[in-house]
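All of these numbers come straight from a predicted model, not from anything done at the bench. We count ligands from 1, going down the list as the structure has it; atoms in each ligand are counted the same way.
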Amino acid sequence: MKEAQAASLQVLSRLEKAGFQAYWVGGCVRDELLGQEPTDYDVATDASPEKVQSLFAKTVPTGIGHGTVTVLIHRQPVEVTTFRQETAYEDHRHPGKVQFVKTLEMDLARRDFTINAMARDRRGHLIDPFGGRKDLQSQVVRAVGEAEVRFQEDALRMVRALRFCAQLGFRIDEQTKKALLRQKSLLCHLAVERVTQELEKMWTTNKPSQGVRPLWEFGLFPHLPPFSYWEDPVSPPSSSLQEIDRPIGRWARWALFLHLCGVSTKKSRACLRSFRLPARDVENIASVYRLGSDWCLTREDVYNGKMLLLSHGVEKLFSALETAAAIHPWVSEEEKGLREALLRWQEEMPVRHLGELNVNGGKLIEAMGRQGGPWTGQVLDILLKKVALGELPNETEALLEEGRRLVQSSS
Ligand code: ATP
Ligand code: MG
């Protein structure tokens with residue numbers, strides 16, 4: 001048994017011994033029925049959060065206002081949530097009041113989709129009041145209860161429905177889809193961060209196209225932040241949506257998504273910022289998109305290849321290559337050949353970044369007897385290139401001498 005599972009089992013046993021009900025709920029029950037390994041094992045109980053805190057030696061009140069306490073079992077976190085109901089939703093995204101309830105069934109009824117509204121006790125007995133197992137078998141994402149009401153309560157559920165389609169390769173149940181189409185204008189109330197989080201989860205799946213295709217097909221972009229307030233509305237997909245299902249990394253998935261949305265490389269930074277992505281991600285993804293879009297490197301282009309490796313690093317170039325291969329559709333042989341060439345060039349270079357050079361700014365300044373300034377960085381960059389290309393040995397004396405020559409010839 002995996003550590004996380006064993007830890008959650010201990011939590012169930014302890015709660016039951018103390019006279020409370022305790023179950024595994026949500027994603028872990030779903031994933032186990034699918035024969036997949038759950039990412040985490042959430043526990044639901046009728047014990048109050050305070051009671052949960054008193055029953056375990058180490059707890060963290062992660063979301064105590066919503067009834068969630070994280071229990072630590074040998075450093076392994078287990079989220080324990082008191083059975084609850086959410087009443088009176090405000091602005092289609094925040095439950096107004098959380099109310100603790102006595103029965104598991106009431107707790108399951110507040111969950112979004114039938115496949116996420118099942119529980120299992122520690123003896124293996126499944127509690128499935130909404131037909132989640134049947135929907136797992138028929139591979140459908142169906143809202144619990146009245147879909148329209150559920151989307152009115154929390155509009156994020158519409159995006160989550162798409163995410164589960166991508167994650168599980170399922171389709172949306174017809175009634176749930178009709179409700180989504182009728183309620184789509186409520187998407188405008190969503191916080192961008194929650195939308196971005198669902199997109200990020202799509203990028204980790206095998207079939208993101210199943211999650212993003214409905215954004216176009218159902219006409220969701222004009223309602224969904226941040227797309228709804230972009231200067232240029234999203235255009236019809238610029239190439240086959242299936243390209244995004246290639247086995248590519250997160251940066252390439254973002255870059256390709258921008259491409260599919262018709263965002264130009266010039267506008268990519270602003271668009272990426274609108275998702276509230278961290279500044280480093282914005283920079284990295286924007287340059288992966290630009291490099292991939294404008295890719296013109298061939299397998300024979302040793303000099304340019306090495307220059308690109310020096311300025312961007314191999315990780316970014318691999319992502320750019322994935323992006324280029326998807327945008328331009330190349331034959332796989334071409335991509336493979338370029339990947340091998342990049343690796344070979346990387347191996348051939350004695351140094352790949354300034355930190356590996358046997359001279360630094362301080363040494364250079366001291367040897368030249370000049371004040372530091374823009375010249376220092378410029379000289380170091382030239383030295384790096386020369387060593388990387390094998391034109392100069394990576395030895396301090398040789399580097400200082402070449403540095404001196406460069407400074408003299410430029411003044
Ligand atoms: P995964 O962890 O694979 O992303 P998950 O099903 O565990 O999937 P979470 O977002 O971790 O998804 O949520 C845990 C559970 O909480 C869900 O299975 C569902 O029962 C419930 N849930 C989460 N978000 C909502 C929501 N917006 N509305 C209703 N129920 C929700
Ligand atoms: Mg989860």
Option set Arg110, Gln197, Gln167, Met118, criterion heavy-atom distance to atom 3 (O) of ligand 1, minimum | Gln167

Only heavy atoms count here, so choose which of Arg163, Arg160, Arg30, Lys201 is nearest to atom 23 (C) of ligand 1.
-> Arg160

Are there over 12 heavy-atom neighbours, none belonging to [X], within less than 6.0 Å of that residue's [atom1]?
X	atom1	value
Glu231	CD	no
Lys207	NZ	no
Arg123	CZ	yes
Gln85	CD	yes

For this output row, return yes or no: ring centroids of Tyr289 and Trp254 closer than 6.0 angstrom.
-> no

Check: Phe275 ring centre within less than 6.0 Å of Phe227 ring centre | yes

Among all the protein's non-hydrogen atoms, which is closest to [atom], and how far away is it?
atom	value
atom 7 (O) of ligand 1	Gly27 CA, 3.6 Å
atom 14 (C) of ligand 1	Asp42 OD2, 4.1 Å
atom 19 (C) of ligand 1	Asp112 OD1, 3.6 Å
atom 26 (C) of ligand 1	Arg157 NE, 3.8 Å
atom 15 (C) of ligand 1	Arg111 NH1, 3.8 Å

Looking at Thr39, which atoms of ligand 1 are within less than 4.0 Å of one of its heavy atoms?
-> 2 (O)

Which of the atoms of ligand 1 are close to Gly26, meaning less than 4.0 Å from one of its heavy atoms?
-> 18 (O)

Contact (N/O only, under 3.5 Å) between Arg194 and ligand 1 | no

Testing Arg250, Arg253, Arg276 for salt bridge (Lys or Arg N to Asp or Glu O under 4.0 Å) with Glu200, which one passes?
-> Arg250

Residues Arg344, Glu347; criterion salt bridge (Lys or Arg N to Asp or Glu O under 4.0 Å); working and verdict | CA-CA 5 Å; Arg344 192 173 57 246; Glu347 284 299 307; over 6 Å; no

Answer with yes or no whether Asp154 contacts ligand 1, where contact means a heavy atom under 4.0 Å from a ligand atom.
-> yes

Atom 11 (O) of ligand 1 protein-contacted, heavy-atom criterion under 4.0 angstrom = no

